[in-house]
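Structure, as structure tokens:
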2 protein chains.
Amino acid sequence: MNIATDTRSRIIAAAKPRFHSRSYANVGIQEICESAGVQKGSFYHFFPSKRDLVMAVIDEFADEWAHGFVAEAFDPALPPMERIDYLVDAAYFWQKSIKQVHGRMLGCIFGNLTLEVSTQDDILRAKLLAIFSRAKSRFKDTLEEAVAATTIAPLNSDLTAEAMLAYLEGVILLAKSQNDPEVIYRLGPAIKTLRVEAAA
Amino acid sequence: MNIATDTRSRIIAAAKPRFHSRSYANVGIQEICESAGVQKGSFYHFFPSKRDLVMAVIDEFADEWAHGFVAEAFDPALPPMERIDYLVDAAYFWQKSIKQVHGRMLGCIFGNLTLEVSTQDDILRAKLLAIFSRAKSRFKDTLEEAVAATTIAPLNSDLTAEAMLAYLEGVILLAKSQNDPEVIYRLGPAIKTLRVEAAA
DNA sequence: ATACTAGTTGACCGTTCGGTAAAATGCAAG
DNA sequence: CTTGCATTTTACCGAACGGTCAACTAGTAT
């Protein structure tokens with residue numbers, strides 16, 4: 001059972017950086033198997049298809065973030081609007097460290113996969129959509145807390161949260177197009193200027 | 001010469017909707033050739049590689065936009081900030097009409113390609129970066145005109161322009177993840193709330 | 001008439017793709 | 001000792017991948 005778990009996680013561990021740094025279509029099962037030291041037949045014992053693997057990879061990234069930077073950023077002890085700053089900073093430092101190691105800015109794997117596969121695979125699209133929905137909720141809760149604390153003026157927290165998430169993804173996209181995480185540093189803080197007014 | 005031009009443009013015409021609706025890696029030369037009614041050898045007479053084809057496709061999309069919606073939106077006759085509204089509206093209506101025909105929201109091909117290939121091909125990345133740079137310039141010029149006309153308070157036009165471009169791409173990304181162009185309609189107008197203050 | 005060239009054809013290259021199936025292995029419970 | 005199950009190995013599938021090549025066609029310029 002332990003060995004089995006190990007094989008499965010070796011596969012995921014081999015797949016993660018590859019899907020992140022290249023693309024879904026550009027990474028083959030064979031390459032992953034070789035890197036993980038696993039035979040292809042063994043791969044298909046644990047994953048019914050390539051799609052199932054990438055879903056597991058998505059889950060791992062999501063968990064990693066949820067228990068890492070996201071947990072730190074959305075710490076209730078922080079003043080609400082500072083949590084948003086923290087999250088943007090975390091994205092910046094993360095991308096920067098990746099570039100230092102890898103030589104390239106890899107961006108957000110959820111955004112990457114969304115634009116690549118969401119017209120071709122509704123199951124993957126739904127999976128990624130769920131990730132974004134959770135992210136949006138964090139922003140929304142934070143905004144509502146900030147409004148309650150009169151840190152910011154009342155607004156449409158749902159749409160503003162979605163706008164902020166969109167902005168973050170867009171900033172990472174532009175940064176990736178320049179292969180330069182400093183773009184996140186320069187543009188990131190403007191996220192707090194975004195506002196959708198409350199419905200009348 | 002006319003016939004030759006025709007073959008070349010039939011190839012591009014076949015490739016355009018495919019790259020837009022799927023991905024770079026997922027569209028094969030063979031499929032494009034079949035759809036265009038062209039032999040593969042003939043394809044490689046006009047395009048040295050698949051990359052050269054997609055660059056031609058990028059140019060076509062860029063020209064199409066530049067002479068279409070972008071020209072309309074950035075009409076000097078319009079008040080500057082209304083041009084930005086116009087562009088967001090254009091993106092919305094375009095994606096909406098694509099979805100009506102195609103059943104799916106395809107998003108922005110420049111954003112799509114950027115996230116897919118920019119870690120793997122610096123030449124393509126540079127090509128896409130140039131597209132984004134031009135787009136940013138349009139925003140920047142518009143913002144500066146708006147400041148000059150005292151329509152808006154002075155700001156850092158360069159960074160605000162980049163932020164707006166990022167936001168637009170991010171909104172389209174989220175819309176694609178939901179396969180719903182209405183996301184652009186809801187979130188788009190908030191683009192004008194983005195601000196990066198002028199350097200002290 | 002001839003030579004050159006742009007364009008086209010169709011067969012072909014080796015490689016990789018995602019996925020399958022059957023046999024072998026190891027281990028644990030009865 | 002044996003049955004059963006999870007895991008692994010190995011060989012294989014047909015299809016598609018990007019790209020190449022030599023032969024052929026047709027029109028043009030000399």
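Nothing here was measured: the structure is a model prediction, and the numbers come from that model. Residue numbers begin at 1 in each chain, while the letters A, B, ... track the order of the sequences.
For T114(A), the side chain to side chain contact (heavy atoms under 4.5 Å, CB included) partners at least two apart in sequence or on another chain are S118(A), L128(A), F132(A), L173(B), S177(B). Taking Y24(B) as the reference, F19(B) meet the ring pair (Phe, Tyr, Trp, His ring centres under 6.0 Å) condition, with sequence neighbours excluded.
Annotation: H20(A) is in aromatic contact with W94(A) [ring centroid separation under 6.0 Å].
Between Y44(B) and dT20(D), a side-chain N or O to OP1/OP2 separation shorter than 4.0 Å is absent. Taking only side-chain nitrogens and oxygens, H45(B) comes nearer than 4.0 Å to OP1 or OP2 of dG7(C). Regarding contacts with the backbone of dT8(C), a side-chain N or O of T7(B) is found under 4.0 angstrom from either OP1 or OP2.
Listed by residue number, Q30(B), K40(B) are the residues of residues 30-40 of chain B with a heavy-atom contact under 4.0 Å to DNA chain D. Of all the residues in residues 13-28 of chain A, V27(A), G28(A) reach under 4.0 Å from DNA chain C with at least one non-hydrogen atom.
With hydrogens and angles left out, the side-chain atoms of N112(A) and E116(B) include no donor and acceptor closer than 3.5 Å. Between T119(B) and R125(B), the side chains place no donor N or O within less than 3.5 Å of an acceptor N or O (distance only, hydrogens not considered). Side chain to side chain, Q100(A) and Q95(A) fail the donor-acceptor criterion of an N or O pair below 3.5 Å.
Residues near L129(B) contribute nothing to a hydrophobic cluster around it, because no ILVMFWY side-chain heavy atom sits closer than 4.5 Å to its side chain.
Summarising the geometry, the separation between CG on L53(A) and P on dG19(C) is reported as 10 Å, rounded to the nearest angstrom. Rounded to whole Å, atom P of dG10(C) lies 18 Å from atom CZ of F43(B). Across the protein-nucleic acid pair, I29(A) atom CD1 and dT10(D) atom C1' stand 18 Å apart, rounded to whole Å. Spacing between atom CZ of F46(A) and atom C1' of dT8(D) amounts to 9 Å, rounded to whole angstrom units. Distance I11(B) CD1 to dG7(C) C1': 11 Å, rounded to the nearest Å.
Side-chain contact between N179(B) and K99(B) is present, with at least one heavy-atom pair separated by less than 4.5 Å. Counting heavy atoms from C-beta outward, S21(B) and H102(B) have side chains that approach closer than 4.5 Å. Side-chain contact between M164(B) and L143(B) is present, with heavy atoms from C-beta onward closer than 4.5 Å.
The distance from the CD atom of E169(A) to the CG atom of L115(A) is 8.5 Å, given to the nearest 0.5 Å.
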Interface polar pairs with nucleotides 22-29 of chain D, N/O, under 3.5 angstrom:
none

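In the set dT8(C), dT9(D), dG19(D), the nucleotide with an atom closest to the side chain of K50(B) is dG19(D).
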